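Here is the structure we will look at.
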Amino acid sequence: MNMKFRTDIRLISYKFSHLLSKLLSNEPKIFVNHFVKLSLLFFSAFFFTSANAGTIEQAKQLHDRIAGVPASQSALLEIATLLDNNQPIEAAYKAMENPAFYSTTLKLFATPWTNIEQDIFAPLNDYSATVIGVVRDDVDFREILQSDMIYVGKASLGLPAYNNNNNNHYQALEDQFIDLSDGLERTTQSSLNGLPPQATAGVLTSRAAAKAFFYLGTNRAMLRFTLMNHLCTDLEPLKDNSLPPDRIRQDVSRSPGGDSRLFINNCLACHSGMDPLAQAFAYYEYQFDGNADPTGELGAITYNQAGVIDATTGTRVQRKYHINSTTFPYGFVTPDDQWQNYWREGSNQKLGWDPSLSGKGSGAKSLGQELANSQAFAQCQVKKVFNTVCLRDAESEADLAQINATTDSFKQNGYQLKRIFAEVGNYCMGE
């Protein structure tokens, strides 16, 4: 059956539905003038639609999986026509024109990364809005871990101004049901949160990330959840007790419970790689009034710029890096934000580190670059899209082959995430 004939069948079905709705609206004139036409259309639709049901069903599933809502009749016909014309990527991009792709699919996709509980229903914030904007604008997705950028609501919307001490700006975007496919605009993070440009690292230095992962603690949480969210691995699979312990901080006991074997087999295996990387965040803190605001709802990210000296450490390093320093006084004393990737050696070479990078640097921006240029980062984004669109994890050999092929495509096509939604959407379309 040729393409034009298939399209004609779909149009017949559409016209049939339109005329039937007119009849049901009690318009006698329509009934008199079109009774014979309606009968013929009914016969045509009944007789021929089954021949094209597969394409229509695939178009519907492609749109539903990507946008999260049913397609309009016209959009469905356009997607089906593109599929018939062997333009599957274009068909998926057509589905992504639905605003729900941004306000529903992408918001639910990114929101768990913004909080320790991994709650998909947390409010929109500067972290999730920036991810949505980056996808919409086809920005190289690696930039989310290293660039001086943030997405905010357009000034013309009359929203509360961005405030480093609350989430009111983004809450208003959500409360007013602003179309995120149009209502977001990109600006520099440094112009809003007071960080110098060289200290910005995309979503890692967003207010939402600081509130979740710099809150109290020792800033190791920022590294751990970045690995979970963007390299699809937790610390447990990365344990390697063959690495040197020279950068493990003072707060880690070398004989927990009086048994040094626990340190060698467990603590060292994680901390030997984690602590040298988490040092990149040594100048950052999430500052709030613990008495008046114990959960930090009104807190803000802060950064010790050059010349700022912490009273406890005597350097730019935040005091949290010297917490519990008497646990093992001979442990590493953090002097600055110089980080090093010990995982470039040993078993964690499997993460696919970029050989063109040095594996060391200072601050969050260069660490974000190290993580974002790994093979694990690229593959992780594909796995997450696969789960979102296919509604399951990769299981079969065919699934894994698709993950690998799409990861290669992701890297070859400028790390544009919409392209990944399109490729994975087509793979799962027939399920």
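Along the sequence shown, residues carry numbers from 1. Predicted model, so just to flag it, every value in this text is computed and none were measured.
- Atom CG of N241 is separated from atom CD1 of I264 by 8.5 Å, given to the nearest 0.5 angstrom.
- A donor and an acceptor atom, one from each side chain of D399 and Y427, are located under 3.5 Å apart.
- N324 places no side-chain N or O within donor-acceptor distance of the main-chain N or O of D251, the cut-off being under 3.5 Å.
- Side-chain polar atoms of K239 and N266 form a donor-acceptor pair below 3.5 angstrom.
- Under a 3.5 Å cut-off, the side chain of T302 and the backbone N or O of E285 do form a donor-acceptor pair.
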V152 vs L184, side-chain contact (heavy atoms from CB on, under 4.5 Å): CA-CA, chis, key distance, verdict:
CA-CA 5 Å; V152 297; L184 296 174; over 6 Å; no
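- For the pair E423 and R419, the salt-bridge criterion is met [side-chain N within less than 4.0 Å of a carboxylate O].
- The aromatic rings of Y127 and H230 sit parallel, their planes meeting at an angle under 30°, below the 60° perpendicular limit.
- Of the possible donor and acceptor atoms, none in the side chain of W343 sits under 3.5 Å from a partner among the backbone N and O of W353.
- In this structure, A100 and V69 approach most closely via the heavy-atom pair CB-CG2, 3.6 Å.
- Side-chain N/O atoms of D336 and Q279 include a donor and acceptor closer than 3.5 Å.
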Take E370 and K360 through the test salt bridge (charged side-chain N to carboxylate O under 4.0 Å, His left out) and record every step on the way to the result.
CA-CA 8 Å; E370 172 83 345; K360 58 186 177 180; over 6 Å; no
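- Taking each heavy atom of G425 and V389 in turn, the nearest pair found is CA-CG1, 3.6 Å.
- The heavy-atom pair separating S191 from T187 by the smallest distance is OG-OG1, 3.8 Å.
- Looking only at distances, a side-chain donor or acceptor of N219 sits under 3.5 Å from a matching main-chain atom of F281.
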Full working for side-chain contact (heavy atoms from CB on, under 4.5 Å) between T388 and F421
CA-CA 9 Å; T388 296; F421 273 92; 4.2 Å; yes
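- Atom-to-atom distance recorded for D126:CG and K211:NZ is 11.5 Å, nearest 0.5 angstrom.
- Here the shortest heavy-atom pairing between L108 and I120 reads CD2-O, 3.5 Å.
- Under the 4.0 Å criterion applied to side-chain N and carboxylate O atoms, E57 and K60 are not assigned as salt-bridge partners.
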Can you check side-chain contact (heavy atoms from CB on, under 4.5 Å) on Y170 and I178, steps first, answer last?
CA-CA 10 Å; Y170 296 96; I178 301 298; over 6 Å; no
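- Taking the side chain as every heavy atom from C-beta outward, D310 and Y321 never approach each other to under 4.5 Å.
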Apply side-chain contact (heavy atoms from CB on, under 4.5 Å) to the pair T218 and R249, showing each step before the final yes or no.
CA-CA 10 Å; T218 60; R249 294 185 221 164; 3.5 Å; yes
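- Nearest approach of I403 to A394, heavy atoms of both residues: CG1-CB, 4.0 Å.
- Looking only at side-chain heavy atoms (C-beta outward), Y162 and I150 come within less than 4.5 Å of each other.
- S128 places no side-chain N or O within 3.5 Å of a backbone atom of L124 that could act as its donor or acceptor partner.
- The number of heavy-atom neighbours closer than 6.0 Å to CD of Q305, taken from other residues, nucleotides and ligands shown, is above 12.
- In this structure the side chain of F263 reaches within 4.5 angstrom of the side chain of I248, judged on heavy atoms.
- If you take OG1 on T226 and CH2 on W113, they are separated by 11.5 Å, rounding to the nearest 0.5 Å.
- One N or O on the side chain of Q349 and one on the backbone of G346 form a donor-acceptor pair closer than 3.5 Å.
- Here the side chain of D148 pairs no donor or acceptor atom with the backbone of T200 at under 3.5 angstrom.
- At least one side-chain heavy atom of K94 sits under 4.5 Å from a side-chain heavy atom of L82.
- Taken from CE in M149 to CG in D137, the straight-line distance is 9.5 Å, to the nearest 0.5 Å.
- Side-chain contact of N404 with Q379: a donor-acceptor pair under 3.5 Å is present, judged by distance alone.
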Run the salt bridge (charged side-chain N to carboxylate O under 4.0 Å, His left out) test on D354 and R142 for me, step by step, so that the C-alpha distance in whole Å, both residues' side-chain angles and the decisive distance to 0.1 Å come before the verdict.
CA-CA 13 Å; D354 187 343; R142 292 173 297 180; 6.0 Å; no
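- Using a 4.5 Å heavy-atom threshold, the side chains of L106 and F101 count as touching.
- Of the candidates Q61, Q58, R392, R392 is the only one forming a side-chain hydrogen bond (donor to acceptor under 3.5 Å, both in side chains) with E431.
- Taking the side chain as every heavy atom from C-beta outward, T205 and Y303 never approach each other to under 4.5 Å.
- Enclosure of atom CD in E397 is not indicated, since only 12 or fewer non-hydrogen atoms of other residues, nucleotides or ligands lie within 6.0 angstrom.
- R224 places a side-chain heavy atom less than 4.5 Å from the side chain of D234.
- Taken from NE2 in H169 to CG in L159, the straight-line distance is 5.5 Å, to the nearest 0.5 Å.
- Aromatic ring pairs are classed by plane angle as parallel below 30°, tilted from 30° to 60° and perpendicular above 60°; the pair F214 and Y284 is parallel.
- When all heavy atoms of L235 and M274 are compared, the pair lying nearest together is CD1-SD, 3.5 Å.
- Side chain of D293 to main chain of E297: a donor-acceptor pair is present (N/O by atom type, distance under 3.5 Å, no hydrogens or angles).
- Ring geometry, Y415 versus F377: the interplanar angle falls from 30° to 60°, so the pair is classed tilted.
- Using a distance-only test at 3.5 Å, with no hydrogens or angles considered, no donor-acceptor pair links the side chain of D337 to the main chain of S362.
- The backbone N or O of S181 lies less than 3.5 Å from a partner atom in the side chain of D179, making a donor-acceptor pair.
- Between the OG1 atom in T313 and the OH atom in Y283 there is a gap of 9.0 Å [rounded to 0.5 Å].
- The pair D393-K383 fails the salt-bridge criterion, with no side-chain N (NZ, NE, NH1 or NH2) lying under 4.0 Å from an Asp/Glu carboxylate O.
- The shortest side-chain heavy-atom distance between N125 and R207 does not fall under the 4.5 Å cut-off.
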